[in-house]
Amino acid sequence: MSEIKITLPDGSVRLYARGSTSLEIAKSISEGLARNVLVAKIGSEVRDASQPINEDANLTLLTWNDGEGKSTLWHSSAHIMAEALEFYFPGVKFWVGPPVDNGFYYDVDLGGQNLSTDDFKKIEDKMLELARQNNLFQRKEIPKQEAIQYFTDKGDEYKLDLLQNLEDGNITFYTQGNFTDLCRGPHIPNTSFIKAVKLTALAGAYWKGDERNKQLTRIYGIAFPKKSELDEYLLMLEEAKKRDHRKLGKELEIFTFDDDVGPGLPLWLPNGAAIIERLEEFAKKTEAEAGYVRVRTPHIAKESMYLKSGHLPYYAESMFPPMEMDGDKYYLKAMNCPHHHKIFAATPKSYRDLPLRYAEYGMCYRYEQSGELFGLMRVRSLSMNDAHIYCTEAQFEEEFKNVNDLYLKYFKVFGIEKYVMRFSKHDPKKLGQKYIDSPELWIKTEEMVRKVLQNLNLNYIEVEDEAAFYGPKIDIQIWSAIGKEFTLATNQVDFAQAERFDLTFTNEKNQKERPLIIHRAPLSTHERFIGFLLEHYAGNLPLWLSPTQFALLPISDKYLDYSKKVLELLNFSDIRGSFDNRSEKIGKKIRDAEMKKVPYMLIVGEQEANEECVSVRKHGGEDLGKMKLDDFVSYFKEQAKIKI
RNA sequence: GCCGUUGUAGCUCAGGGGUAGAGCACUUCCUUGGUAAGGAAGAGGUCGUGAGUUCAAUUCUCAUCAACGGCUCCA
């Protein structure tokens, strides 16, 4: 009997009998480890820990602490959920049940049976009962014909559909307890690892993600190897909900929606408008320093412009339908670029004028599908932090780099660290439908962008079929408090519209040449960015952005006169705040200011009035003691500086 | 747009076939109190909208609108 060499992650090499399983190897290392092994990585392949190993291999034993361990446990949980579903809903048909970032789901066809969230409890209980049975996940390889027979007998057309795309001889089944599923695996050794489960959501999901197909029922859940971890997870969800910008926006009176105004059309309350003012002020200053000039354009334009720009052929669905006037159709603008191109075209341009950078925070209107609307993050009226850069090909790299630098600078200011940079490319199969039909230009510009990214040494991922219709782009992806993904900043190349608008400049050789265009929105839209910031800061905006920077809290009515003096001085010093002149006790006033997340509470009573002071308490409770009025103003000014 | 859930006072929510309730917020009065809720009184809603069933609907049915969770979409 021969032996195999197993190399462990620490580099040590051990000898085992050929055909040993990962579990047996784990046991030889330590019983404790063996008890926690969920799945094993052999070379680069994740496999069942109970599978025999027949040749020399690098072996990593994966537990709940490894991402792959977690997702395997969740995948196995999906199978157990399926078993429970089959118990309560006989005849249920299964599509796929994969693990996801936070748990797992299974798409099922209940065949007309009703499942509601009220049923979750009994399904969870059944799952735990099944888990406690300590059933093995048994892997079996079978011929394709046999698999087809199995699901034909069962009448499960979904699994049969899956089988069609599988190669013969590669069919694996997993069985645990009374449930057998077509599955590539791997799975955890047995069901007993699952100690806590929670079904989290019930939703419709199109079969194969295609909206023309039948809608299946998707059941989301999550599972843990310890009850306490489920409790922690639920607690974390609660915390995330507290950060939700929709909740904070209401509590802090930042924005609202109204049925009469319309869905996706936010109304900015004074606090929200104040944040926008500060944000714009900051961005305008920063962009002026970076060589941008500001332009202004109307909210509507005629059909002819959007035919020219390509919006109507490629994009009409996302625009509000037109208004007819004097025999012309007018559209609400969905983007500022065509207007800006017209400004570029308004006067003759020389190479000496380039690069030319037009900036405008113009309000745009997009007809987002009703089901897509999400607080401030996905709306139908939006103010982009927009600008268009017109440059020569030679200037492109420098300009593109400058734009990247700009948003990295912004991200530093706001402490944005968790994001993914995405290089979004076109899908050649969709030229002429989703994308402008210029294959060679796509290839050329994508190569240009890749080159810049590589020269900048940035971390990024490349994704197919995510480009703008007019060119490739860089997107910065972020996540909302409840885990939805959004594009924040964007930096796009446009090789198409210059030609469509016949934009030219005169080069050194006195020839007409087309500029390249960069579309960029480093601060996204006011709506999405402020929504994001609210969640990012959990409502505690940095001082310079805070709409209410202080709350002035007199100890009693006796000090109202002095309070007014203080208020005047602060207003004069351009420090914004509120004045709580109610006949309430100071404890109450402090509590209310804390709830409103006001950064500074200024308490004035007899002592302060006598000494021309304010007592300063920071949000959260830190007591800075008494400060002379002038001292407070200079302290505050220092604190309110934007730190770059 | 599709599937599911929800829709009662400014906010958070309870209730339920016989024309509505709590806490907070708000107003007034009392209190003038030093670092996270002082007391009392009052005002405030035809229960998202429309239709149907009924002697009677906010409560049941249907439609519609909106929000929420997903899916699809996303310049």
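Quick note on labels: first sequence line is chain A, next is B, and so on, each numbered from 1.
- Counting any heavy atom pair closer than 4.0 Å across all strands shown, A:E622 reaches no nucleic acid atom.
- Between A:L373 atom CG and B:A66 atom P there is a gap of 9 Å when expressed in whole angstrom units.
- Salt bridge annotation for A:D107-A:R218: present, with a cationic side-chain nitrogen under 4.0 angstrom from a carboxylate oxygen.
- Among the protein residues, A:Y367 comes within range of the sugar-phosphate backbone only, with heavy atoms under 4.0 Å from sugar or phosphate atoms but none that close to a base.
- Across all strands shown, B:G1 is found opposite B:C71 as a Watson-Crick or G-U wobble partner, with both distances under 3.5 Å.
- Under the Watson-Crick or G-U wobble criterion, with both distances below 3.5 Å, B:G42 is paired with B:C26.
- Checking B:U61 for Watson-Crick or G-U wobble geometry (two distances, each under 3.5 Å) identifies B:A51 as its partner.
- Here A:S370 reaches the OP1 or OP2 of B:G1: one of its side-chain N or O atoms lies under 4.0 Å away.
- Checked options A:Q492, A:H426, A:R500; the residue passing with A:Y470 is A:Q492 (criterion: side chain to side chain donor-acceptor pair (under 3.5 Å)).
- The residue A:A205 sits close only to the backbone: its heavy atoms come under 4.0 Å of sugar-phosphate atoms, none of a base.
- Residues A:H311 and A:M335 form a side-chain contact, since some pair of their non-hydrogen atoms from C-beta on lies under 4.5 Å apart.
- Residue A:R218 is classed as a sugar-phosphate contact, given heavy-atom separations below 4.0 Å to backbone atoms only.
- Comparing the C1' positions of B:G10 and B:A25 gives a spacing of 7 Å, expressed to the nearest Å.
- Taking every side-chain heavy atom of A:S583 into account, B:U32 is the closest of B:U32, B:C68, B:U12.
- As judged by a 4.0 angstrom heavy-atom cut-off over every strand, A:K434 is placed among residues touching the sugar-phosphate backbone only.
- Counting any heavy atom pair closer than 4.0 Å across all strands shown, A:E251 reaches no nucleic acid atom.
- More than 12 heavy atoms of other shown residues, nucleotides or ligands fall within 6.0 angstrom of atom NZ in A:K597.
- In terms of phosphate contacts, A:R246 brings a side-chain nitrogen or oxygen within less than 4.0 Å of OP1 or OP2 of B:C68.
- Base pairing annotation: B:A56 forms no Watson-Crick or G-U wobble pair, as no partner gives both donor-acceptor distances under 3.5 Å.
- For A:I590, whose side chain is taken as the heavy atoms from C-beta onward, the closest listed nucleotide among B:G69, B:G34, B:U35 is B:U35.
- Going from the P atom of B:U6 to that of B:G45 covers 27 Å, rounded to whole Å.
- Of the possible polar contacts, one joining the A:E594 side chain to the A:G620 backbone as a donor-acceptor pair under 3.5 Å is found.
- Put simply, CG on A:D557 is 10 Å from P on B:G33, counting in whole angstrom units.
- Mapping A:Q492 and A:D244 onto RNA chain B by nearest heavy atom places A:D244 at the nucleotide closer to the 5' end.
- One atom, CZ of A:R591, and another, P of B:A36, lie 11 Å apart when rounded to the nearest Å.
- B:U27 and B:G17: their P atoms are spaced 38 Å apart (whole Å).
- Base pairing of B:A66: its partner is B:U6, meeting the Watson-Crick or G-U wobble criterion (both donor-acceptor distances under 3.5 Å).
- Here the rule is side chain to side chain donor-acceptor pair (under 3.5 Å) with A:E360, and of A:H340, A:R296, A:H388, A:H339 only A:H340 fits it.
- Spacing between atom CD1 of A:I603 and atom C1' of B:G33 amounts to 13 Å, rounded to whole angstrom units.
- Counting any heavy atom pair closer than 4.0 Å across all strands shown, A:K473 reaches sugar-phosphate atoms only and no base atom.
- Atom CD1 in A:I219 sits about 14 Å away from atom P in B:U5, given to the nearest Å.
- Counting non-hydrogen atoms under 4.0 angstrom, A:L202 reaches a base of the nucleic acid.
- Comparing the C1' positions of B:A20 and B:G15 gives a spacing of 8 Å, expressed to the nearest Å.
- With sequence neighbours excluded, the residues satisfying side-chain contact (heavy atoms from CB on, under 4.5 Å) with A:E157 are A:K93.
- In this model, a side-chain donor or acceptor of A:R378 finds a partner on the base of B:C73 within 3.5 Å.
- Across all strands, A:E368 comes closer than 4.0 Å to no nucleic acid atom at all (heavy-atom distances).
- If you check every strand for non-hydrogen atoms under 4.0 Å, A:F469 touches nothing.
- Mapping A:G621 and A:E584 onto RNA chain B by nearest heavy atom places A:G621 closer to the 5' end of the strand.
- Nucleotide B:U19 forms a pair with no other nucleotide shown, judged by Watson-Crick or G-U wobble geometry with both contacts under 3.5 Å.
- Within 4.0 Å (heavy atoms only), A:G375 reaches sugar-phosphate atoms of the nucleic acid but no base atom.
- Using Watson-Crick or G-U wobble geometry with both donor-acceptor distances under 3.5 Å, B:A36 finds no partner in any strand shown.
- Listed candidates were B:C2, B:G33, B:G70. Nearest to the side chain of A:Y206 is B:C2.
- Residue-level contact check: A:K484 touches the backbone only, with heavy atoms under 4.0 Å from sugar-phosphate atoms and none from bases.
- Whole-Å rounding puts the A:E606 CD to B:G34 C1' distance at 11 Å.
- No donor-acceptor pair closer than 3.5 Å links the side chain of A:K626 to the backbone N or O of A:V616.
- Within the 4.0 angstrom heavy-atom criterion, no nucleotide atom of any strand lies near A:Y559.
- Rounding to whole angstrom units, CG of residue A:L199 and C1' of B:G4 are separated by 15 Å.
- Nearest nucleotide to the side chain of A:E608, out of B:U32, B:G34, B:U35: B:G34.
- Remark: the separation of the C1' atoms in B:A40 and B:G16 is 32 Å, to the nearest Å.
- Atom-to-atom, CD of A:E466 to P of B:C74 comes out at 8 Å; the value is rounded to the nearest Å.
- In this structure, A:K588 reaches the B:A25 phosphate: one of its side-chain N or O atoms is under 4.0 Å from OP1 or OP2.
- By the 4.5 Å heavy-atom criterion applied to side chains, A:I474 and A:M421 are counted as neighbours.
- Among the atoms of the strands shown, only primed sugar atoms or phosphate atoms (P, OP1, OP2) are found under 4.0 Å from some heavy atom of A:A468.
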